[in-house]
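Okay, so here's the structure we're looking at.
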Amino acid sequence: MLHKAIIFSLGVLTLSNCSAQKEMNTSTKTSVTEIKETKSMNKEGEVIYFTEGENKFLKEAEMNLTFKGISEDSRCPTDVNCVWAGVAVANVEVMGLATRPAMLNLATTDNAGRNYFKTAEFNGYTISLVEVTPYPNSKEGVKALAGKYRIGITIKKAEEKSTMK
């Protein structure tokens, strides 16, 4: 009789534990709503602005772009005289309708020796970084800008390279 009572108690505890976990799982779920903006490219080469984490779908180019963040910002602060102007590198994830996502690292300056490029080609389009704001200053530094970056990019149909001479 004692064995039956123990087994019954363990069964009740197990079942009550399961229902408590279900309640906890449903109450801790957060609703994540992504704002996906469908952008129409009115003029080819028009500057499109992104804030960090922003995602836009471009109908004409049939691609989705997401500004993931700035991986490097060594630009000279506004109130300092520097020998080198520095560079900011923006991480932009691009994905076409029938392609896998690709990460583009677009820089504010071209420097092949350091693998910095202002433009990259994807899915028949040339994507160029034209602006990164805000600019760092010596008081706050680059760390204070985390999450506040805004980039401007242009997208143009890539020119077909002729193989005939």
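Taking each heavy atom of Thr119 and Thr126 in turn, the nearest pair found is CB-CG2, 4.0 Å. In plain terms, the two heavy atoms of Pro134 and Lys148 that are nearest each other are CD-O, 3.4 Å. When every heavy atom of Cys76 is checked against every heavy atom of Tyr135, the shortest pair comes out as O-CE2, 2.9 Å. What you find for Ala120 and Leu104 is that their closest heavy atoms are CB-CD2, 4.0 Å. A pairwise comparison of heavy atoms in Ala88 and Leu129 identifies O-CD2, 4.4 Å as the closest pair.
Between the Asn123 side chain and the Tyr125 main chain, no donor and acceptor come within less than 3.5 Å of each other. The closest donor-acceptor contact from the side chain of Glu52 to the backbone of Tyr149 lies under 3.5 Å.
For the atom pair OG1 (Thr66) and CE (Met103), the distance works out to 8.5 Å, reported to the nearest 0.5 Å. Within the model, atoms CD1 of Ile153 and CZ of Phe50 stand 4.5 Å from one another, a figure rounded to the nearest 0.5 Å. Atoms CZ and CG, from Phe57 and Leu97 in turn, are 4.5 Å apart once rounded to the nearest 0.5 Å. Between the CD1 atom in Ile48 and the OG1 atom in Thr154 there is a gap of 8.0 Å [rounded to 0.5 Å]. The distance from the NZ atom of Lys56 to the CG atom of Asn64 is 11.5 Å, given to the nearest 0.5 Å.
Clustering of Ile, Leu, Val, Met, Phe, Trp and Tyr side chains at separations under 4.5 Å places Tyr116 together with Trp84, Val87, Val89.
Note on Phe67 and Phe117: separate hydrophobic clusters, where clusters join Ile, Leu, Val, Met, Phe, Trp and Tyr whose side-chain heavy atoms are under 4.5 Å apart, directly or indirectly.
Residues Tyr49 and Glu54 have side chains that never bring a donor and an acceptor to within less than 3.5 angstrom of each other.
The side-chain hydrogen bond (donor to acceptor under 3.5 Å, both in side chains) contacts involving residues 98-111 comprise nothing, where partners must be two or more places apart or lie in separate chains.
For the pair Ile155 and Leu65, the minimum side-chain heavy-atom distance is below 4.5 Å.
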